[in-house]
Amino acid sequence: MNQSLLPGDTTPAGLAAALRDVILDVDGVAEVFPARPLWQNIAGAARSAVTGEPLPVVQVEFDGEAVDVLTRIGVSTALPAPAVARSVAAAIREHLGSRTATVRVQLVQVR
Amino acid sequence: MSASGDNFECGHSLEELSIYLDTGEFSDPGHLTECPECQSGLAALRRLAALGDELVSADIAAAGSGTDDWMQSILDNLRLELRPGRDIPVRPDTPGDILTETEGSISALIRSAADSLPGTAAGKCRLDGDVSTPGSPITVRVDVAVVFGHPLEERADALRRGIAATLARHTELNIAAIDVTVADVLEPGFPGPAAGPARPSESSEEKP
């Protein structure tokens with residue numbers, strides 16, 4: 001289900017792409033990994049192969065007015081990893097504006 | 001679906017990564033750019049290769065053939081640790097947000113700290129305790145192999161300090177102790193622990 005409260009492309013794929021850029025802009029973020037490893041998202045991969053559309057790196061799911069965002073990131077050791085995680089969550093929330101959201105940030109690499 | 005046998009959760013294996021480093025061949029090259037576990041595996045293998053170079057330069061190449069018990073032990077532990085493991089919570093600024101670090105990422109960080117010391121390679125890296133509950137006391141256990149000629153006690157102390165500083169900066173874990181064990185000393189003519197007498201070993205533990 002799509003909502004129209006956000007600027008730009010408000011489809012899940014469009015929002016996911018925008019959030020990827022937002023996350024990469026956060027100091028200390030080195031990489032954004034696919035939110036779901038391929039083996040957990042076989043159906044999505046098959047759909048992607050058929051449609052030619054790449055799998056979104058950031059997982060975005062709408063539930064009525066609310067949105068659930070999941071991202072897996074790699075961070076550099078230049079900044080404390082927990083602080084980077086909090087900064088990423090804050091940046092996502094800022095992008096989402098006043099929309100009700102659940103934000104999940106998983107650090108999968110620190111180096 | 002879950003990982004089985006020697007494969008990581010992504011389905012690839014340490015052997016595939018090793019072949020990739022040797023030959024540049026990998027069945028799904030794009031995967032390497034999007035899999036943190038495989039990237040950590042490659043980094044660890046590269047550091048092991050660097051240690052192998054040091055062994056060669058010390059004219060003890062036989063100890064670095066890749067078939068020795070110590071090397072096999074390191075590779076066995078890598079297979080276990082290159083998995084996401086448990087989620088380690090990070091305090092969120094906004095209630096309801098869920099921020100976590102994977103146990104695998106922190107194990108890789110500890111391994112990197114050990115491998116960065118000259119003549120040292122990490123074997124087992126474990127976080128003992130309930131890492132998923134904030135504030136629970138955690139004991140870090142690290143086994144290392146050290147090339148002969150490096151002072152063991154000094155090396156263990158330096159590693160303990162390094163790990164303590166790293167974990168204090170990059171996690172919110174309550175580290176109760178850091179247990180560093182020099183499990184192997186790699187020396188000229190060293191035939192491997194299984195074939196010879198008991199190796200020199202040092203174990204130390206203290207609050208960081």
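Scope of the values below: all heavy atoms of this structure, side chains included, with no hydrogens, waters or symmetry mates. Order of the sequence lines fixes the chain letters, A, B, ..., with proteins taken first and strands second; residue numbering starts at 1 for each chain.
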Checklist outcome for this item: Of B/Glu37, B/Glu101, B/Gln39, B/Glu172, the largest count of non-hydrogen pairs under 4.5 angstrom with chain A goes to B/Gln39
Next on the checklist: Under a plain distance cut-off of 3.5 Å, with no hydrogens placed, do B/Thr181 and B/Arg141 share a side-chain donor-acceptor pair?
Outcome noted: no
Checklist entry - In terms of heavy-atom pairs under 4.5 Å, which option from A/Ala81, A/Pro82, A/Ala83 contacts chain B the most? => result A/Pro82
Next on the checklist: Do B/Ile163 and B/Ile175 have side chains that approach each other closer than 4.5 Å (heavy atoms only, starting at C-beta)?
Outcome noted: no
Checklist entry - For chain B, which residues from residues 84-92 of chain A have at least one heavy atom closer than 4.5 Å to it? => result A/Ala85, A/Arg86, A/Ala89
Next on the checklist: Is B/Thr94 in contact with chain A via its backbone, its side chain, both, or neither, using a 4.5 Å heavy-atom distance?
Outcome noted: side chain
Checklist entry - How about B/Asp179 and B/Arg160: do any of their side-chain heavy atoms sit closer than 4.5 Å? => result no
Checklist entry - B/Phe26 vs B/Tyr20 aromatic rings, parallel, tilted or perpendicular, using cut-offs 30° and 60°? => result perpendicular
Checklist entry - How would you list all residue pairs meeting salt bridge (Lys or Arg N to Asp or Glu O under 4.0 Å) that involve residues 16-30 of chain A, not counting sequence neighbours? => result none
Next on the checklist: Would you say that A/Val105 contacts B/Asp97 through its side chain, given a criterion of any heavy-atom pair below 4.5 Å between the two side chains?
Outcome noted: no
Item to check | Validation row: A/Arg111, B/Ser112 side chains within 4.5 angstrom (heavy atoms) | outcome: no
Checklist entry - Checking B/Thr171 against chain A: side chain, backbone, both or neither under 4.5 Å from a heavy atom? => result backbone
Checklist entry - Less than 4.5 Å apart, any side-chain heavy atom of B/His12 and any of B/Ser27? => result yes
